[in-house]
Amino acid sequence: MRVTELTGLPDGVPEHLEDEGIEELYPPQAEAVERGVTEGESLVASVPTASGKTLIAELAMLAAVERGEKALYIVPLRALAGEKASAFERFERFGLSVGVSTGNYESDGERLANNDVIVATSEKVDSLVRNGAAWVDQLGCVVADEVHLVDDAHRGPTLEVTLAKLRARVDGLQTVALSATVGNADELASWLDAELVDSDWRPIELRTGVHYGQALHLDDGTTRELPVERGESQTAAIVRDTLHDDGSTLVFVNSRRNAEGAAKRLANVVAKELGDDQRVALAEIAEEIRAVSDTETSETLASAVERGAAFHHAGLAKEHRELVEEAFRDRLVRTVCATPTLAAGVNTPARRVVVRDWQRYDGDAGGMQPLDVLEVHQMFGRAGRPGLDPYGEAVLVTDDHDGLEGLFEKYIYADPEPVRSKLAAEPALRTHVLATVATGFATTRDDLLDFLDGTLYAEQTDEAGRLASVTDDVLAYLDANGFVERDGDGLRASETGHLVSRLYVDPMSAAEMIHGLREADDDTTPLGFYHLVSRTPDMYELYLRSGDRETYTELLYEREAEIPGSTPSEFSEGEFEDWLAALKTATLMEDWTEELDEERIAERYGVGPGDIRGKTETAEWLLGAAERLAGELDLDCVRAVRDARKRVDYGVREELLDLAGVRGVGRKRARRLYRAGVEDRSELRNADKATVLGALRGRRKTAESVLAAAGHPNPEMDAVTADPEAAPEENGGTNDGATDGTDDDGQASLGDFE
DNA sequence: CTCCACCATTTATAGACAGCATGTC
DNA sequence: CTATAAATGGTGGAG
């Protein structure tokens with residue numbers, strides 16, 4: 001089908017698509033149109049990665065906008081929201097506007113209510129609905145990207161419930177669900193009352209296979225020689241081979257450490273093939289990486305990148321990841337060793353994909369578990385850059401002959417697993433039941449069950465009573481904690497229940513926080529509040545390593561009085577362990593607020609810069625919720641919680657709270673100013689300019705903007721000379737002067753440390 | 001006595017959403 | 001508890 005034959009779209013869109021080089025629709029796209037996506041028909045498209053799913057969604061949304069309705073695009077990751085939104089912005093010339101809403105980013109300008117197309121994460125959509133966003137009723141079309149993620153135990157239920165809720169609320173809502181190829185696309189279609197496009201078609205050939213011995217065994221039965229040199233790993237041989245064919249390789253491994261280790265070794269392979277120009281360009285990127293953070297992780301990454309290789313995992317700071325992704329797309333970094341972060345994230349295709357590790361450690365299962373077929377296929381799907389590579393190649397690796405056959409059976413010829421709803425579990429239902437009641441969407445138990453009947457779980461289960469019985473357990477829990485009031489058959493959320501629902505925390509987290517906040521007293525320190533939020537189910541716990549048990553048990557008894565709530569018995573294994581893990585997380589937060597630098601924290605807790613930022617972000621969010629709860633319950637600790645929250649937010653000691661609140665002043669600048677004698681905002685406003693300039697290491701522009709932000713009457717710095725007295729002394733020790741050029745941190749000396 | 005190659009033992013294990021009110025170096 | 005790879009530690013032989 002030609003794009004010019006499309007109807008129902010805003011004027012000029014078909015021609016515009018043609019100008020972009022899209023003349024003919026891909027077969028799955030054409031099928032989607034035949035089934036009515038441009039006429040408001042619901043559709044499930046179960047097709048491989050990179051086979052034009054996005055255009056299907058765009059056509060549906062454009063048609064909806066043309067009908068005068070709004071469209072919503074639900075993404076699985078915040079990082080994808082921006083990517084998708086900028087893709088849709090190319091249609092803004094046809095009079096439609098695009099807005100983004102995620103937890104950390106909200107498009108400015110017009111409010112979402114005025115945007116025709118809105119891009120958001122499923123949690124954000126859920127939250128917006130809970131908070132009563134009125135524009136939801138104007139929706140004509142909702143797109144759910146990567147809908148197979150309803151299978152995810154943690155985040156799947158949110159997507160599932162959100163879709164069910166939108167569909168129940170808006171009559172005749174067009175639902176377009178985009179999915180990877182899954183085992184039961186028909187079931188998804190039946191759940192959503194949708195047409196189905198189920199296709200294996202892809203625009204660029206994908207060859208899959210297994211490397212064993214000295215050869216690559218491909219799915220078409222052919223074998224290609226790919227020799228492994230002595231002392232070289234199979235992966236290294238594959239990377240070398242791809243490089244000789246002028247291609248890049250993406251290697252998937254099962255742990256962060258393996259990713260870093262493999263990158264180090266593969267860097268030696270890539271380095272041999274680099275030209276001088278490339279070395280220069282790579283050295284620049286390596287410097288940018290070092291500038292992001294002073295941690296060992298950052299240094300390891302930089303030194304791999306210098307040699308044309310990189311690793312990618314969640315311990316990296318967001319900026320690190322973006323630099324790696326960009327350098328890989330620019331073909332400067334020629335191989336990336338990644339944990340599954342990269343399989344689901346932004347688009348980073350490669351000529352070849354190597355799935356080195358197809359098993360992953362799972363503590364709950366007690367050992368190594370094979371990856372899902374779906375997951376491996378998602379990784380495979382990163383092979384081949386449309387329009388750039390002649391084909392993509394995805395391979396598994398084995399060193400024993402039986403494994404060769406096994407891997408073909410298990411992953412190459414196998415169909416992906418069916419998607420199964422994970423909704424009927426208490427943690428998932430707790431939050432969604434409360435929200436459903438709080439928004440008035442259900443006012444009786446029957447209402448609630450009626451609503452839940454519209455979920456995928458109901459579609460799939462043959463255990464009729466299961467959902468009802470879990471729901472009853474959850475209602476009892478919500479009742480016991482005062483979030484929901486039951487009056488005969490009627491259900492009503494309490495004031496606190498409403499707040500919990502709007503704050504978007506797990507009711508169990510809220511219950512734990514309320515309990516702790518009530519017990520907080522004069523002995524409670526910030527560490528106590530950090531512990532309180534760290535022990536809720538919304539905080540991802542730090543792992544207790546060998547030796548940590550003793551360390552933190554000792555610390556716990558030392559500081560027990562500072563922590564609100566009562567320590568569980570040392571004999572109740574799980575609970576006590578959790579309490580210790582929370583203490584470890586809390587001390588990380590404390591170190592952060594004591595202005596310890598990232599490098600030391602990373603070293604002390606065995607985490608990467610990305611973990612530190614992630615942890616503090618979560619803690620700040622939860623402390624915000626705790627603050628609101630304390631306020632709602634009229635507790636005395638509100639102030640103390642707010643201070644603890646701000647300290648985590650800024651990463652500073654108490655005396656810097658005021659200064660760090662000034663725009664342009666973070667933990668480092670605040671500390672420098674303080675040491676130069678400028679101790680708070682009002683002093684900064686009236687400060688001697690030479691002192692400020694000296695404290696900010698002679699950076700005029702910085703000094704000017706800081707003074708302006710503080711409200712200084714005349715921030716201009718032209719004729720000012722920095723006061724050397726105010727300059728931060730480079731007093732060796734903690735910052736041993738090794739941070740030249742990038743960003744010396746002038747940390748306060750933090751006293752003795754281990 | 002030092003160094004190194006090699007083998008046994010120990011150790012640690014993926015990911016990332018949300019409120020609210022404004023801005024890191 | 002079902003595994004695996006890297007890091008660490010220990011041993012013995014060569015120089």
Side-chain angles (χ1 to χ4, degrees), chain A residues 75-79 81 101-104 106 108 120-128 130-131 149 152 154-155 158-159 233 252-262 264-265 291-293 312-315 318-319 338-345 356-357 359-371 375 431 499-506 509 538-540 543-547 606 610-611 613-615 617-618 620-629 645 649-651 660-670 672 696-697 699 702 705-706 709 742-746:
Chain A
V75 288
L77 295 169
R78 292 197 294 223
S101 178
T102 68
N104 61 349
E106 181 115 13
D108 44 25
T121 56
S122 37
E123 285 79 7
K124 188 64 186 192
V125 176
D126 187 17
S127 169
L128 289 167
R130 290 183 190 195
N131 285 285
L149 292 174
D152 181 278
H154 184 223
R155 298 183 53 207
T158 303
L159 176 58
S233 71
F252 285 106
V253 297
N254 65 2
S255 73
R256 295 176 178 191
R257 208 170 58 180
N258 285 340
E260 297 188 19
K264 269 186 212 165
R265 274 172 282 121
V292 171
S293 145
H312 190 284
H313 59 62
K318 202 178 73 197
E319 302 91 312
T339 54
T341 25
L342 213 56
R356 195 194 76 178
D357 303 334
Q359 297 191 99
R360 186 167 45 226
Y361 181 85
D362 178 351
D364 300 332
M368 297 303 268
Q369 291 295 120
L371 299 185
E375 216 172 335
T431 183
L499 182 60
V500 171
S501 168
R502 277 184 284 119
L503 289 173
Y504 211 80
V505 292
D506 183 331
S509 296
D538 277 308
M539 179 74 87
Y540 197 80
Y543 186 88
L544 283 184
R545 297 191 295 179
S546 69
D611 300 294
R613 298 174 192 196
K615 282 277 171 310
E617 189 187 329
T618 307
E620 199 264 329
W621 166 58
L622 286 170
L623 286 165
E627 187 185 330
R628 295 284 303 274
L629 286 168
R645 193 205 82 216
D649 193 12
Y650 302 144
V662 175
R663 184 186 328 152
V665 180
R667 64 198 307 235
K668 296 177 180 181
R669 289 175 182 172
R672 289 194 200 104
L696 297 175
R697 297 174 302 157
R699 310 230 163 136
T702 309
S705 61
V706 164
T742 55
D743 183 13
D744 92 281
D745 44 29

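Chain A is the first sequence line, chain B the second, and so forth, proteins listed ahead of strands; every chain is numbered from 1. Being a predicted model, the structure only gives us computed values, none of them experimental.
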Original post:
Which of these, A:Arg256, A:His313, A:His312, sits in a side-chain hydrogen bond (donor to acceptor under 3.5 Å, both in side chains) with A:Thr341?
Top reply: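 So, applying the side-chain hydrogen bond (donor to acceptor under 3.5 Å, both in side chains) to A:Thr341 and each of A:Arg256, A:His313, A:His312, only A:His312 qualifies.
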
Subject >> Base B:dA14 paired with A:Arg360 side chain (donor-acceptor, <3.5 Å) >> reply: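 Check passes, donor-acceptor contact within cut-off.
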
Output yes when at least one side-chain N/O atom of [X] is less than 4.0 Å from OP1 or OP2 of [N], else no.
X: A:Ser127; N: B:dG19; answer: yes
X: A:Thr702; N: B:dC25; answer: no
X: A:Arg78; N: B:dA18; answer: yes
X: A:Lys124; N: B:dG19; answer: yes
X: A:Gln369; N: C:dT2; answer: no
X: A:Thr339; N: B:dG15; answer: yes

Across the strands shown, which category fits [X] at heavy-atom distances under 4.0 angstrom: base, sugar-phosphate, nothing?
X: A:Leu622; result: nothing
X: A:Thr102; result: sugar-phosphate
X: A:Tyr361; result: base
X: A:Asp357; result: nothing
X: A:Gly664; result: sugar-phosphate
X: A:Val505; result: nothing
X: A:Gly614; result: nothing
X: A:Glu260; result: nothing
X: A:Asp506; result: nothing

Would you give the length of the straight line joining atom [atom1] of [X] to atom [atom2] of [Y], rounded to the nearest 0.5 angstrom?
X: A:Arg672; Y: A:Leu696; atom1: CZ; atom2: CG; result: 7.0 Å
X: A:Glu627; Y: A:Leu503; atom1: CD; atom2: CG; result: 10.5 Å
X: A:Arg613; Y: A:Glu319; atom1: CZ; atom2: CD; result: 5.0 Å

Original post:
Considering only side-chain heavy atoms of A:Asp152, which listed nucleotide, B:dA14, B:dG19, B:dG15, is closest?
Top reply: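 Closest nucleotide to the A:Asp152 side chain: B:dG15.
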
Original post:
A:Asn258 has a side chain; which of C:dA6, B:dA16, B:dG23 sits nearest to it?
Top reply: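 Nearest listed nucleotide: C:dA6.
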
Rounded to whole Å, please give me the gap between [atom1] in [X] and [atom2] in [N].
X: A:Arg256; N: B:dA12; atom1: CZ; atom2: P; result: 15 Å
X: A:Leu623; N: B:dA18; atom1: CG; atom2: C1'; result: 14 Å
X: A:Leu544; N: B:dA12; atom1: CG; atom2: P; result: 11 Å
X: A:His313; N: B:dA16; atom1: NE2; atom2: P; result: 12 Å
X: A:Glu617; N: B:dG23; atom1: CD; atom2: C1'; result: 15 Å
X: A:Leu371; N: C:dT4; atom1: CG; atom2: C1'; result: 14 Å
X: A:Asp362; N: C:dC1; atom1: CG; atom2: C1'; result: 13 Å
X: A:Arg613; N: B:dA18; atom1: CZ; atom2: C1'; result: 20 Å

Original post:
Which residue, A:Arg265 or A:Met368, contacts DNA chain C at a nucleotide closer to its 5' end, judged by nearest heavy atom?
Top reply: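 First, find each residue's nearest nucleotide; the 5'-ward one identifies A:Met368.
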
Subject >> Earlier contact from the 5' end, DNA chain B, for A:Leu128 and A:Arg257 >> reply: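 Nearest nucleotide further toward 5': that of A:Arg257.
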
Original post:
Which residue, A:Gly606 or A:Ser101, contacts DNA chain B at a nucleotide closer to its 5' end, judged by nearest heavy atom?
Top reply: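 The residue whose closest nucleotide sits nearer the 5' end is A:Gly606.
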
**OP:** Before giving the answer on side-chain hydrogen bond (donor to acceptor under 3.5 Å, both in side chains), spell out for A:Arg360 and A:Thr339 the whole-Å C-alpha distance, their side-chain angles and the decisive distance to 0.1 Å.
**Re:** CA-CA 10 Å; A:Arg360 186 167 45 226; A:Thr339 54; over 6 Å; no

Return the pairing partner of [N] with a 3.5 Å limit on both distances, Watson-Crick or G-U wobble; otherwise return none.
N: B:dG15; value: none
N: C:dT2; value: none
N: B:dC4; value: C:dG12
N: B:dT22; value: none

**OP:** Please confirm whether the backbone N or O of A:Ala709 pairs with a side-chain atom of A:Arg663, one donor and one acceptor, at under 3.5 Å?
**Re:**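 Not confirmed, A:Arg663 side chain does not pair with A:Ala709 backbone.
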
Original post:
Hey, does the side chain of A:Ser127 reach the backbone of A:Glu123 with a donor-acceptor pair shorter than 3.5 angstrom?
Top reply: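 Pair absent, no side-chain N/O of A:Ser127 close to backbone of A:Glu123.
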
**OP:** Considering only atom P, compute the distance from C:dA7 to B:dA14 and round it to an integer number of Å.
**Re:**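 Looking at atom P only, C:dA7 and B:dA14 are 15 Å apart.
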
Original post:
Does a donor on one side chain sit under 3.5 Å from an acceptor on the other, for A:Tyr504 and A:Asn131?
Top reply: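 There is no such pair (donor and acceptor under 3.5 Å, judged by atom type) between the side chains of A:Tyr504 and A:Asn131.
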
Original post:
Less than 5.5 Å between centroids and less than 30° between ring planes, does A:Trp621 satisfy that with B:dA18?
Top reply: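 Stacking between A:Trp621 and B:dA18: present.
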
